[in-house]
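In this text the structure is predicted, and so the values were computed from the model without any measurement. Convention: sequence-line order gives letters A, B, ...; per-chain numbering from 1.
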Number of protein chains: 2
Amino acid sequence: MPVPLYQAKADFFRTLGHPVRIQVLELLREGPRPVRDLLTEIEIEASSLSQQLAVLRRAGIVNATRDGATVVYELSSPDLAHLLVDARRILTDMLAGQGELLAELRAEGRKVG
Amino acid sequence: MPVPLYQAKADFFRTLGHPVRIQVLELLREGPRPVRDLLTEIEIEASSLSQQLAVLRRAGIVNATRDGATVVYELSSPDLAHLLVDARRILTDMLAGQGELLAELRAEGRKVG
DNA sequence: TACCGAGTTGCACAATTCTTCAACTTGATA
DNA sequence: TATCAAGTTGAAGAATTGTGCAACTCGGTA
């Protein structure tokens, strides 16, 4: 693997490594959403959400477009959805036999695919 | 998404978010390997590699088994390979038109799938 | 037992990242 | 223009991670 590449991959994964950012991405998987919408589903202050959206934006993982007074976010790559599904599968493997978290992962799997 | 789940996902991704750990995982994708082997391919001191292997072990992402005097590591879930491939695809999307990193990603894509 | 090679661990300091709050921008409305 | 709602930004201190080195454990071997 060429030198800067594993660094880019590491940066990418690190960007995903935050609970609020994960919640945002899971919501955006279903399609573009205004910030106001995200704010009602994620319990957090507006400025904190904005901080995390900025991290995702700077990393190029989401795109923001302004529509009048509201800002709408969307995933910049549809493959993000695959990645999140893979991650769930891996967590299922890893947590096999480790209790309630496993049950939740399975329940989500039924809904999502 | 239930409360602790996005936290588990975030922790998982954060664990992947380090250049040495990415290199290790990419090498282990091809199969189990002794530490000595990893050490010759990754330019780093033994103790630093050990630190990062410990992070992956604690997260349950790799498993270590002792074979005499050498320790062999392997991925704990084969789906990790899919995830890394998805990640490459996403980076390709995101970096489209951004120069040399893109060329490297494509070259790797030809080799790997 | 003594010794060496293979790995691991603990620790202290450096570097990043998070969190929170106040201040600011932009668009809509009166 | 004044004002309000929607988001964003900047900055400081707190918390988490990363780095490098010395010390340690465990097998194998003389």
Enumerate the protein-to-nucleotides 18-23 of chain D contacts in which both atoms are nitrogen or oxygen and the separation is below 3.5 Å.
| from | atom 1 | to | atom 2 | distance (Å) |
| --- | --- | --- | --- | --- |
| D/dG18 | OP1 | B/R21 | NH2 | 3.3 |
| D/dT19 | OP2 | B/H18 | NE2 | 3.0 |
| D/dG20 | O6 | B/Q51 | NE2 | 2.9 |
| D/dC21 | OP2 | B/E45 | OE2 | 3.4 |
| D/dC21 | N4 | B/S47 | OG | 3.2 |

Given atom CZ of B/R33 and atom C1' of C/dG7, what is their separation to the nearest angstrom?
18 Å
Taking atom P of D/dA5 as reference, at what distance in whole Å does atom CG of A/D37 sit?
19 Å
Per A/A54 side chain, nearest of listed nucleotides D/dT9, C/dT8, D/dT8
D/dT9
What distance separates A/L25 CG from A/L56 CG, expressed to the nearest 0.5 Å?
5.0 Å
Closest to the A/V71 side chain, choosing from D/dC26, D/dT8, C/dG27:
D/dT8
Do B/V35 and B/V24 share a hydrophobic cluster, counting only Ile, Leu, Val, Met, Phe, Trp and Tyr and linking them when any side-chain heavy atoms are less than 4.5 Å apart?
yes
Examine D/dT9: is either OP1 or OP2 under 4.0 Å from a nitrogen or oxygen in the side chain of A/R57? Give yes or no.
yes
Describe the nucleic acid contact of B/T70 in one word from base, sugar-phosphate, nothing, applying a heavy-atom distance below 4.0 Å.
sugar-phosphate
Rounded to the nearest 0.5 Å, what separation is found between the CZ atom of A/R89 and the CG atom of A/L84?
12.0 Å
Could you give the CG-to-P distance, from B/L39 to C/dG5, as a whole number of Å?
15 Å
Contact nearer the 5' end of DNA chain C, comparing A/G68 with B/R66:
B/R66
Length of the CG-P vector between B/L49 and C/dT9, whole Å
12 Å
A/I44 CD1 to C/dC21 C1', in whole Å, measures 14 Å
Same hydrophobic cluster for B/V72 and B/I61, using side-chain heavy-atom links shorter than 4.5 Å among ILVMFWY?
no
May I have the distance from A/L56 (atom CG) to C/dC18 (atom P), rounded to whole angstrom?
11 Å
Any side-chain N or O of A/Y73 less than 4.0 Å from the OP1 or OP2 oxygen of D/dT8?
yes
Distance check needed: D/dT17 C1' versus A/D11 CG, whole Å only.
14 Å
What is the distance, to the nearest angstrom, from the CZ atom on A/R36 to the P atom on D/dA5?
13 Å
Once rounded to the nearest 0.5 Å, what's the spacing between atom CD of B/E26 and atom CG of B/L75?
10.0 Å
Interatomic distance, CD@B/Q23 vs CD@A/Q7, rounded to 0.5 Å, equals 9.5 Å
If you only use heavy atoms from C-beta on, which nucleotide in C/dA28, C/dT9, D/dG7 is closest to the side chain of B/S50?
C/dT9
A/V55 versus A/R21: any side-chain heavy-atom pair under 4.5 Å?
yes
